[in-house]
Amino acid sequence: EAQVTQNPRYLITVTGKKLTVTCSQNMNHEYMSWYRQDPGLGLRQIYYSMNVEVTDKGDVPEGYKVSRKEKRNFPLILESPSPNQTSLYFCASSHRRGDQPQHFGDGTRLSIL
Amino acid sequence: GNSVTQMEGPVTLSEEAFLTINCTYTATGYPSLFWYVQYPGEGLQLLLKATKADDKGSNKGFEATYRKETTSFHLEKGSVQVSDSAVYFCALFLYNFNKFYFGSGTKLNVKP
């Protein structure tokens with residue numbers, strides 16, 4: 001089954017404690033991205049990756065890091081989380097062509113206290 | 001800058017009513033356009049898409065036409081069902097930036 005898998009689905013943690021949200025896809029997609037969803041703001045792109053070892057900033061990259069060492073995985077790293085990063089996060093993947101739709105994971109709800 | 005603007009919700013309709021959710025965009029370049037739907041507790045799912053002017057995307061009774069002259073991609077359905085209750089997102093992809101841009105989402109509530 002084609003899918004994008006995110007872990008964890010829920011996490012409550014404290015300010016400053018490094019965390020990683022994993023994302024894995026099994027569709028051999030080149031393009032992967034991370035979004036955060038906040039009420040009234042919709043989805044905003046954090047980072048995206050065109051392929052292995054190729055990453056670039058989205059609209060709201062501050063406070064986040066990513067890596068793309070393998071085609072299937074695209075982890076999101078919060079080195080020093082802060083309360084304003086409390087949000088619902090989605091990972092998505094698609095073929096490189098821009099007219100191909102994205103496949104989304106089920107989301108990760110992060111609460112930073 | 002590049003952006004997508006959707007009508008604010010929530011939109012509340014009775015079953016079998018006609019639905020329109022407005023979406024307009026600003027883009028430097030020639031985007032592909034999408035509508036995604038998000039059911040409670042789930043990720044987004046593609047509903048329909050259009051890749052060039054005057055294309056009509058359609059799926060599950062929903063339709064949207066790519067209007068380049070008005071930079072719009074309004075979502076319509078002739079007769080909504082309770083099961084259509086969800087949040088709908090309009091989005092665009094810009095090839096020259098390799099980025100997706102999403103609207104803020106419109107929540108639809110359909111009452112029996």
Side-chain angles (χ1 to χ4, degrees), chain A residues 1-7 9-10 21 23-25 27 29-51 54-61 66 68 87-109, chain B residues 1-10 21 23-53 55 57 59 64 66 73 86-107:
Chain A
E1 178 189 352
Q3 59 186 5
V4 177
T5 304
Q6 295 178 226
N7 281 296
R9 291 293 311 279
Y10 304 91
V21 184
C23 174
S24 181
Q25 51 93 4
M27 295 166 279
H29 285 164
E30 294 84 6
Y31 188 100
M32 297 186 74
S33 59
W34 276 103
Y35 299 87
R36 60 178 289 174
Q37 183 179 13
D38 300 291
L41 298 176
L43 274 74
R44 293 179 292 169
Q45 194 169 35
I46 302 170
Y47 269 93
Y48 67 95
S49 170
M50 295 294 295
N51 213 325
V54 181
T55 63
D56 209 344
K57 296 177 180 179
D59 290 330
V60 288
V66 293
R68 189 89 182 272
S87 187
L88 179 59
Y89 291 85
F90 287 100
C91 180
S93 72
S94 65
H95 288 298
R96 183 173 180 181
R97 283 178 56 189
D99 60 352
Q100 299 304 304
Q102 296 189 94
H103 296 255
F104 283 81
D106 288 335
T108 296
R109 187 166 291 281
Chain B
N2 304 303
S3 65
V4 177
T5 302
Q6 289 180 236
M7 61 188 290
E8 288 197 21
I21 300 179
C23 171
T24 57
Y25 66 89
T26 302
T28 51
Y30 197 2
S32 289
L33 302 174
F34 305 86
W35 276 100
Y36 283 84
V37 58
Q38 184 181 33
Y39 298 102
E42 299 183 10
L44 279 70
Q45 304 172 26
L46 177 69
L47 181 59
L48 53 84
K49 70 174 185 179
T51 58
K52 61 183 186 296
D55 265 3
N59 185 26
Y66 190 145
F73 193 54
V87 180
Y88 292 83
F89 291 90
C90 185
L92 65 85
F93 179 84
L94 282 172
Y95 296 84
N96 45 334
F97 292 98
N98 287 315
K99 287 183 179 180
F100 283 91
Y101 296 86
F102 283 81
S104 57
T106 302
K107 185 172 184 179

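Convention: sequence-line order gives letters A, B, ...; per-chain numbering from 1.
- Contacts between Arg9(A) and chain B at a heavy-atom distance below 4.5 Å involve the side chain alone, from C-beta outward.
- Proximity to chain B involves both the backbone and the side chain of Leu43(A), based on heavy atoms less than 4.5 angstrom apart.
- Qualifying side chain to side chain donor-acceptor pair (under 3.5 Å) partners for His103(A), counting only residues two or more places apart in sequence or in other chains: none.
- In summary, the aromatic rings of Tyr35(A) and Phe100(B) are positioned with their centroids too far apart to meet the 6.0 Å limit.
- Contact annotation: the side chain of Cys23(B) approaches that of Val4(B) to within less than 4.5 Å [non-hydrogen atoms, C-beta and beyond].
- Contacts of Tyr101(B) with chain A are made by side-chain atoms alone, with heavy-atom separations under 4.5 Å and no backbone atom involved.
- For the 3.5 Å distance criterion, the side chains of Tyr95(B) and Ser32(B) qualify, holding a donor opposite an acceptor.
- Met27(A) and His95(A) make their closest contact through O-CE1, 4.1 Å (heavy atoms, listed as atom of the first residue, atom of the second, distance).
- Using a 4.5 Å cut-off between heavy atoms, Gln45(B) does not touch chain A at all.
- At a 4.5 Å heavy-atom cutoff, the contact between Gln102(A) and chain B is made by backbone and side-chain atoms alike.
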